[in-house]
Novice: 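Quick one: structure below, then a few questions.
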Amino acid sequence: MGQHVSRTDFEHTYTEEPHASRRKDILKKHPEVKSLFGPDPWLAVWVLLLVVFQVASLFVVYHLHWLQTIVLAYCIGGTLNHSLTLAIHEIAHSLAFGYNHPMANRMLGIFANLPIALPMSITFKFYHLEHHKYQGLKDIDTDIPTKLEAQLFCTTFGKLIWMILQPVFYCFRPMVVRPRLFTLMELTNIIIQLAFNAAVIYYFNFRTFMYLAIGTLLSLGLHPVAGHFIAEHYMFNKGQETYSYYGPLNMLCFNVGYHNEHHDFPFIPGSRLPKLRAMAPEFYDSLPHHESWVKVIYDFIMDPAIGPYARMVRNKNLGAAAQPEKTVNGVSNGADLHGADGTILSNGRSSNTSNESCAAHHRATSAQSH
């Protein structure tokens, strides 16, 4: 079974998450960062190309045997499906068409969802925006493993199994920790996805559908690009809760590796995050970061000091995150880190005037882009 992990509890902290304060400091020193705000017009193009490629690949997979199908699913189909999940991550932040076009963003997310085989786009947005607003808040930030996961998968072999099963926990943990009723948009997502899945089975065969589904499950588990799940927030250095990765796999993942940068400015698309780092190097170059997602996976499994408990968690009463948000038609009252008046929110509160001016600039930039 291997070594038992040394941690027996999460790392408890009584300070607020670091991103809001760093965002304020960066904007004060580098106001030119505001030029990076706004949607990425190429995001929808990349989504279209990825979905078309995945559908076209079914004509090849149709003629393959099962073993060939599984190998191809792990190496190519799954990798591209993982890319689509990260396109959905970008879309969840309204970075395809901007905050003024929420329905267009949602429909693009549902379209990007098609080859993934599992309906997740609309639901992911709700829980992911909570992860940003309430980072580290136990029982609210569903990115944090449950105590049961940490207790069950507490050996080297257990962590290996946990990595393989990561897509299962990632999908079902939110519904266990923070259950909620499905919204109309989520039901729409499910119906469209089931119709697409049925069409694939009908016009091709069951194996071609499994090529998509198995690829998704494999790529979200023990797979090089899935290293970002561990790399982003698991505590490899005491007191450091968010980590970036600047390696080549970012090219497949919409720069999700720039994770400190992303949490500091979730309204900057991934394609521009390298520019953010270049504009404010003194804020990022000194932060601990990962060199390899593959090494992250290896260290997570083999190092007894790291495991599901290696996460920083906050007291539920800290800041404004004590109460869950209300939702209207499935949209949180603080969705996309913006308030109803357009001001950028930080941990559920309206931020200072510099952030308000950022929001105004962002709205103007979005208007010009359309």
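Model, not experiment: these values are computed from the prediction. Counting begins at 1 with the first residue of the sequence.
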Novice: Quick check: does any side chain N or O of K159 sit under 3.5 Å from a backbone N or O of I306, one acting as donor and the other as acceptor?
Specialist: yes
Novice: Regarding E186 and R180, does a basic nitrogen lie under 4.0 Å from an acidic carboxylate oxygen?
Specialist: yes
Novice: Do R178's NZ or CZ and the ring of Y127 fall within the cation-pi criteria of under 6.0 Å and 45°?
Specialist: no
Novice: Around W66, counting heavy atoms of other residues, nucleotides and ligands shown, do more than 12 lie under 6.0 Å from its CH2?
Specialist: yes
Novice: List the atom of A44, the atom of F97, and the distance in Å for their closest heavy-atom pair.
Specialist: CB-CZ, 4.1 Å
Novice: Taking the six-membered ring where the residue is Trp, are the ring centres of H290 and F236 under 6.0 Å apart?
Specialist: yes
Novice: Could you give me the CA-CA distance, side-chain angles and deciding distance for S271 and D40, then say whether side chain to side chain donor-acceptor pair (under 3.5 Å) is met?
Specialist: CA-CA 8 Å; S271 60; D40 178 2; 3.0 Å; yes
Novice: Hey, do the aromatic rings of H233 and H131 have their centres closer than 6.0 Å?
Specialist: yes
Novice: Aromatic ring centroids of H262 and H89 under 6.0 Å?
Specialist: yes
Novice: Begin with the C-alpha distance, continue with both residues' side-chain angles, and end with the deciding distance and a verdict on side chain to side chain donor-acceptor pair (under 3.5 Å) for T142 and E130.
Specialist: CA-CA 8 Å; T142 58; E130 285 203 330; over 6 Å; no
Novice: Does E11 pair with R311 as a salt bridge, N-O distance under 4.0 Å?
Specialist: no
Novice: Aromatic ring centroids of H289 and Y246 under 6.0 Å?
Specialist: yes
Novice: Should we say atom NZ of K295 is surrounded by more than 12 heavy atoms from elsewhere, each under 6.0 Å from it?
Specialist: no
Novice: Can you confirm if the aromatic rings of H82 and F229 lie within a centre distance of less than 6.0 Å?
Specialist: yes
Novice: Go through T242 and Q135 one step at a time and tell me if the side chain to side chain donor-acceptor pair (under 3.5 Å) criterion holds.
Specialist: CA-CA 10 Å; T242 305; Q135 181 177 316; 3.2 Å; yes
Novice: Are F209 and F204 an aromatic pair by the rule of ring centers under 6.0 Å?
Specialist: no
Novice: Are E16 and R314 within salt-bridge range, i.e. N to O under 4.0 Å?
Specialist: no
Novice: For K133, is there an ion pair with D141 - N to carboxylate O distance below 4.0 angstrom?
Specialist: no
Novice: May I ask you to decide whether R22 forms a salt bridge with D264, counting only side-chain N to carboxylate O separations under 4.0 Å?
Specialist: yes
Novice: Given F124, which partner from the list N113, I88, T85 fulfils the side chain to side chain contact (heavy atoms under 4.5 Å, CB included) test?
Specialist: I88
Novice: Count the heavy atoms of every other residue, nucleotide or ligand shown that sit under 6.0 Å from NE2 of H65, and state whether that count exceeds 12.
Specialist: no
Novice: Between H93 and H132 (judged by ring centroids, cut-off 6.0 Å), do the two rings come close enough to count as a pair?
Specialist: yes
